[in-house]
Amino acid sequence: MRRYDTYIFDLDGTLLDTLQDLAASVNYALRQYGMPQHSTDQVRRMVGNGVRLLMQRAVPQGTDDERFEEVFAAFRRHYMEHSLDTTRPYDGITDTLRQLKQRGCRLAVVSNKMMAATQELVHHFFPEIEVAIGEHEAEGIRKKPAPDTVREALRQLGVTPADSSIVYVGDSDVDIETARNSGLPCISVLWGFRDRDFLVAHGADTLVNTPGELL
């Protein structure tokens, strides 16, 4: 596999297995309002486009339910307090990031997760990562699959496609589209929230089975 000098990573399903904590917070919020809960596998299929859309999918009537904003706020509060309960890096991720850093590679995370949660998780688990960007509150910066947060990460790293060999690494169709919109090659990982058939059907052309294959 080609070597790169700058890696832009997705977070959930790529670096961290966050599914149990996300599902727990989703179901906590739903319980508070007497709404039906979801299995972990059902939540797995809902994630990938940010927590607001996750809750739109989880609440039976989505944003048409007049209580939606209250349910969403309950989710956010619970998740910020419990995002580290069971979340862990996937096997091999920590060592792979360490080796990339030792090579002098630049490392960043771009996620559709809330900014505060993204930065807390990255700072807690991955000191090698220089820039962590979540759902951006600045006007005009759109979430993935728009290229805006990728471009912001590259700006903060101080690198450009003209002077660096950059790759995007993720586990979903949103990541494939984000990389395409950013003009970057994409490596799709097979240990995350989506399987090979799904990723190939959505345009994945470079897939890896283990973190070590990124080296």
Side-chain angles (χ1 to χ4, degrees), residues 6-26 28-29 43-44 46-59 63 68-90 93-94 97 106-159 166 168-179 181-182 184 186 189 192-193:
T6 301
Y7 288 76
I8 308 295
F9 290 97
D10 172 54
L11 186 59
D12 295 39
T14 301
L15 298 180
L16 291 177
D17 184 355
T18 57
L19 187 59
Q20 297 296 331
D21 288 337
L22 285 169
S25 292
V26 166
Y28 168 84
V43 174
R44 177 193 301 274
M46 297 175 186
V47 300
N49 295 85
V51 291
R52 187 175 183 85
L53 188 53
L54 166 61
M55 291 308 296
Q56 288 179 27
R57 292 166 173 165
V59 171
T63 54
F68 176 79
E69 294 299 337
E70 296 175 42
V71 181
F72 182 45
F75 164 84
R76 288 172 63 99
R77 287 193 301 270
H78 188 273
Y79 188 69
M80 286 305 301
E81 294 172 1
H82 296 275
S83 63
L84 290 169
D85 285 2
T86 65
T87 288
R88 296 291 182 274
Y90 288 101
I93 284 292
T94 301
L97 293 178
R106 311 298 302 277
L107 308 177
V109 159
V110 169
S111 175
N112 277 343
K113 184 188 290 292
M114 297 172 289
M115 179 73 84
T118 298
Q119 294 187 336
E120 178 183 19
L121 290 168
V122 169
H123 294 161
H124 180 81
F125 287 109
F126 307 122
E128 299 85 2
I129 291 176
E130 303 164 64
V131 172
I133 296 178
E135 188 174 7
H136 215 284
E137 297 176 359
E139 184 177 353
I141 297 184
R142 301 163 296 171
K143 70 177 185 178
K144 301 186 298 184
D148 302 34
T149 50
V150 172
R151 291 171 179 166
E152 176 62 16
L154 294 176
R155 186 192 69 78
Q156 292 188 28
L157 287 173
V159 301
I166 306 166
Y168 185 100
V169 184
D171 76 306
S172 73
D173 53 322
V174 173
D175 294 314
I176 295 167
E177 190 177 354
T178 300
N181 291 340
S182 303
L184 300 177
C186 184
V189 307
F193 297 162

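The shown structure was predicted, so the numbers you read here are calculated from the model rather than taken from an experiment.
For H82, the side chain to side chain contact (heavy atoms under 4.5 Å, CB included) partners at least two apart in sequence or on another chain are H78, D85. Taking H123 as the reference, nothing meets the ring-ring contact (aromatic ring centres under 6.0 Å, His included) condition, with sequence neighbours excluded. Partners of T86 according to the side-chain hydrogen bond (donor to acceptor under 3.5 Å, both in side chains) rule, which considers only residues two or more places apart in sequence or in another chain, are D21. The ring-ring contact (aromatic ring centres under 6.0 Å, His included) search around Y79 returns F75, not counting sequence neighbours. When the side-chain hydrogen bond (donor to acceptor under 3.5 Å, both in side chains) test is applied to S172, the partners found at least two apart in sequence or on another chain are D175. Applying the salt bridge (charged side-chain N to carboxylate O under 4.0 Å, His left out) rule to D173 yields no partners; only residues at least two apart in sequence or on another chain are considered. In this structure Q20 satisfies the side-chain hydrogen bond (donor to acceptor under 3.5 Å, both in side chains) test with no other residue, sequence neighbours excluded. Partners of R155 under the side-chain hydrogen bond (donor to acceptor under 3.5 Å, both in side chains) rule, at least two apart in sequence or in another chain, are E152. Considering only residues two or more places apart in sequence or on other chains, E130 meets the side chain to side chain contact (heavy atoms under 4.5 Å, CB included) condition with K101, R106, L157. Take R44 and apply the salt bridge (charged side-chain N to carboxylate O under 4.0 Å, His left out) test, not counting sequence neighbours, and it matches D41. Residues satisfying the ring-ring contact (aromatic ring centres under 6.0 Å, His included) criterion with F193, sequence neighbours excluded, are absent altogether. Applying the salt bridge (charged side-chain N to carboxylate O under 4.0 Å, His left out) criterion to E128, with sequence neighbours excluded, gives no partner residue.
In terms of heavy-atom proximity, Y168 sits nearest to A179 at CB-CB, 3.8 Å. The minimum heavy-atom distance between D10 and D12, with the atom names listed, is OD2-O, 2.8 Å. Minimum interatomic distance between T6 and L154 (heavy atoms only, all atoms of both residues): CG2-CD2, 4.2 Å. Across V122 and L11, no two heavy atoms sit closer than the pair CG2-CD1, 4.0 Å. Heavy atoms only, all atoms of each residue included: F126 and I93 are closest at CE2-CG2, 3.8 Å. Residues A146 and T178 share a closest heavy-atom pair of O-CG2, 4.2 Å.
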Working note: I133 + M115, criterion side-chain contact (heavy atoms from CB on, under 4.5 Å); need CA distance, chi angles, decisive distance, verdict. CA-CA 6 Å; I133 296 178; M115 179 73 84; 4.2 Å; yes
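Ionic pairing of E69 and R52 is present here: one or more N-O contacts between side-chain nitrogen and carboxylate oxygen are shorter than 4.0 angstrom.
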